[in-house]
Trainee: 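Just dropping this structure here.
What you see is a predicted model, and the numbers here were worked out from it, not measured in a lab. Naming convention: chains lettered A, B, ... in sequence-line order (proteins, then strands); numbering from 1 in each chain.
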Amino acid sequence: MPELPEVETIKRDLQKIILGAKIKKVCVYNPMVIREPSPPVFKKSLEGLVIKNILRRGKLLILELSNGSALTIHLKMTGQLVLRQKLSNSGKAKNSRVVFHLSGGKILDFNDQRLFGELRLVDDWGKIKFIQSLGPEPFDLTYGDFKDMLFKKKTKIKPLLMEQSFIAGIGNLYASEILFRAKVDPARSAQSLSEGEKKAVYKEIKKVLSKAIKHGGSSIDDYVRLSGKKGDYVKFHRVYGRQDQPCFVCNSKIKKITQGGRGTYFCPKCQM
DNA sequence: AATGGGACCTGCGCGC
DNA sequence: TGCGCGCAGGTCCCAT
């Protein structure tokens, strides 16, 4: 499940491999993932453009193109961007939805089992509603900002960390991991955190995300890097996916609860 | 403002 | 072996 570290990893991989490449041909195998414009216009407009810049905002990838437009890619749950050496006779892999044939013989495959992923071609990516609704990037955040943002927030801290309009880029997995390391109960009301706890959460947001980026993200389920290789951060997970297993710190059983329809993992002793 | 639910999808693992 | 079910979680949307 791609969150900020996974998307950032893909962004950096893309910068090394496809920056400056020309989009020669676009093959659409499932038009459902193209949100705008219509799939035929999407395909026709993209062909011939050069990839000038590659950015990330929250969990969204942004490819700026030579005519000033931008291709945005949201991987949602199961989306993958994979560089293929070659494809089978059908021209696609199992879940290829859109395949970009680039100059230099590079093939970029947008693969997405569950079809939640979204591609858009827009004139001005700053005007995308989703972008405008995003909160600050975690790495741009000062502690003063963060403290102000928590002020009078009654919401539980864990769902709050996942709210993209609050902070951009944190999803279900990293929210649990951050709170474990900060020793904060995920069910606590955000405004009830002590100064020390707020500071701990703030610090762990940056620490966990940057370490995860350093290790190429977390490959559980579908996420892979551009090369098809897995991200390495799973070995640092302390709570995510570990219900009923012993806490690495105190040996208590890790618990799983549901918050806002999502699984939350935590240690009932370390995070009292 | 906060919270809960459903919707969008598919494949997997479970129990029977 | 096979069927049906619940579950995974990013985001939007609606209801309370």
Trainee: Give me the distance, rounded to whole Å, that separates C/dT11 from B/dG11 when you measure between the P atoms they each carry.
Mentor: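 C/dT11 and B/dG11 have their P atoms separated by 22 Å.
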
Trainee: So where does chain A start and stop touching DNA chain C, 5' to 3', when the test is distance under 4.0 Å to a non-hydrogen atom?
Mentor: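 Under 4.0 Å from chain A, the extent on DNA chain C is C/dA8 to C/dC12.
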
Trainee: Taking the P atom in each of C/dG9 and B/dA2, what is the distance between them to the nearest angstrom?
Mentor: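 Going atom to atom, P in each nucleotide, I get 24 Å.
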
Trainee: In whole angstrom, give me the gap between the P atoms of C/dG6 and B/dG5.
Mentor: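 Roughly 15 Å separates the two P atoms.
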
Trainee: CD of A/Q80 versus P of B/dT10: gap in Å, rounded?
Mentor: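 Atom-to-atom, A/Q80 to B/dT10, this comes out as 16 Å.
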
Trainee: Hey, does A/E47 have a side-chain heavy atom less than 4.5 Å from the side chain of A/K24?
Mentor: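 Heavy-atom side-chain distance check fails, nothing below 4.5 Å.
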
Trainee: List, one per line, each side-chain donor-acceptor pair under 3.5 Å for residues 207-214 of chain A, sequence neighbours excluded.
Mentor:
residue, atom, partner, partner atom, Å
A/S210, OG, A/K206, O, 2.5
A/S210, OG, A/K207, O, 3.3

Trainee: Could you tell me the separation between the CG atom of A/N30 and the C1' atom of B/dT10, rounded to a whole number of Å?
Mentor: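 So the CG-C1' distance, A/N30 to B/dT10, works out to 12 Å.
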
Trainee: Measure the CZ-OG1 distance between A/R35 and A/T72 for me, rounded to the nearest 0.5 Å.
Mentor: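 Going from the CZ atom of A/R35 to the OG1 atom of A/T72 covers 10.5 Å.
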
Trainee: Under a 4.0 Å heavy-atom cut-off, which of residues 121-141 of chain A touch DNA chain B?
Mentor: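 When residues 121-141 of chain A is checked for heavy atoms under 4.0 Å from DNA chain B, there are no hits whatsoever.
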
Trainee: What pairs of donor and acceptor atoms, side-chain ones from residues 239-256 of chain A against any protein atom, are under 3.5 angstrom apart with sequence neighbours left out?
Mentor:
residue, atom, partner, partner atom, Å
A/R242, NH1, A/R238, O, 3.0
A/R242, NH1, A/P246, O, 3.2
A/R242, NH2, A/P246, O, 2.8

Trainee: For C/dC3 and B/dC9, measure between their P atoms and round to the nearest Å.
Mentor: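 24 Å, rounded to whole Å.
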
Trainee: Side-chain contact, heavy-atom cut-off 4.5 Å: A/L150 with A/I157?
Mentor: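 Counting from C-beta outward, A/L150 and A/I157 do come under 4.5 Å.
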
Trainee: Give every residue pair that meets the ring-ring contact (aromatic ring centres under 6.0 Å, His included) criterion with at least one member in residues 110-141 of chain A, sequence neighbours excluded.
Mentor: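 Listed by first then second residue: A/H74-A/F130.
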
Trainee: Could you tell me whether the side chain of A/L63 reaches within less than 4.5 Å of the side chain of A/I18, counting heavy atoms only?
Mentor: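 Contact flag for A/I18/A/L63 side chains = yes.
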
Trainee: Identify every side-chain donor-acceptor pair in residues 95-105 of chain A under 3.5 Å, counting partners at least two apart or on other chains, and give the distances.
Mentor:
residue, atom, partner, partner atom, Å
A/S96, OG, A/A93, N, 2.8
A/S96, OG, A/A93, O, 3.4
A/S96, OG, A/D109, OD1, 3.0
A/S96, OG, A/D109, OD2, 2.9
A/R97, NE, A/N95, O, 3.4
A/R97, NE, A/D112, O, 2.7
A/R97, NH2, A/D112, O, 2.9
A/R97, NH2, A/Q113, O, 3.0
A/S103, OG, A/K22, N, 2.9

Trainee: Please tell me whether A/S189 and A/K154 have a donor and an acceptor in their side chains that are separated by less than 3.5 angstrom.
Mentor: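 On atom types as modelled, these side chains do not qualify, holding no pair under 3.5 Å.
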
Trainee: Salt bridge (Lys or Arg N to Asp or Glu O under 4.0 Å) with A/D145: which residues, sequence neighbours excluded?
Mentor: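 None.
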
Trainee: Residues in ring-ring contact (aromatic ring centres under 6.0 Å, His included) with A/Y174, at least two apart?
Mentor: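 For A/Y174, the residues satisfying ring-ring contact (aromatic ring centres under 6.0 Å, His included) (neighbours in sequence not counted) are A/Y233.
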
Trainee: Does A/R120 have any side chain to side chain donor-acceptor pair (under 3.5 Å) partners at least two apart in sequence or in another chain, and if so, which?
Mentor: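 Expected list: A/E36, A/E118.
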
Trainee: What does A/E118 touch in the nucleic acid at a heavy-atom separation under 4.0 angstrom: a base, only the sugar-phosphate, or nothing?
Mentor: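 If one applies the 4.0 Å heavy-atom cut-off, A/E118 turns out to touch nothing in the nucleic acid.
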
Trainee: How is the base pairing of DNA chain C summarised as a dot-bracket string, given the Watson-Crick and G-U wobble criteria with both distances under 3.5 Å, [ ] for crossing and | for another strand?
Mentor: .|||||||.|||||||

Trainee: Using whole Å, what does the distance between atom P of nucleotide B/dG11 and atom CZ of A/F116 come to?
Mentor: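 Atom-to-atom, A/F116 to B/dG11, this comes out as 12 Å.
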
Trainee: Pick out the pairs of N or O atoms, protein on one side and nucleotides 2-7 of chain B on the other, that lie under 3.5 Å.
Mentor:
residue, atom, partner, partner atom, Å
B/dA2, OP1, A/K154, N, 2.6

Trainee: Got a sec, which residues hit side chain to side chain donor-acceptor pair (under 3.5 Å) with A/K59, two or more places apart in sequence or on another chain?
Mentor: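 In terms of side chain to side chain donor-acceptor pair (under 3.5 Å), with neighbours along the sequence ignored, A/K59 is linked to no residue.
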
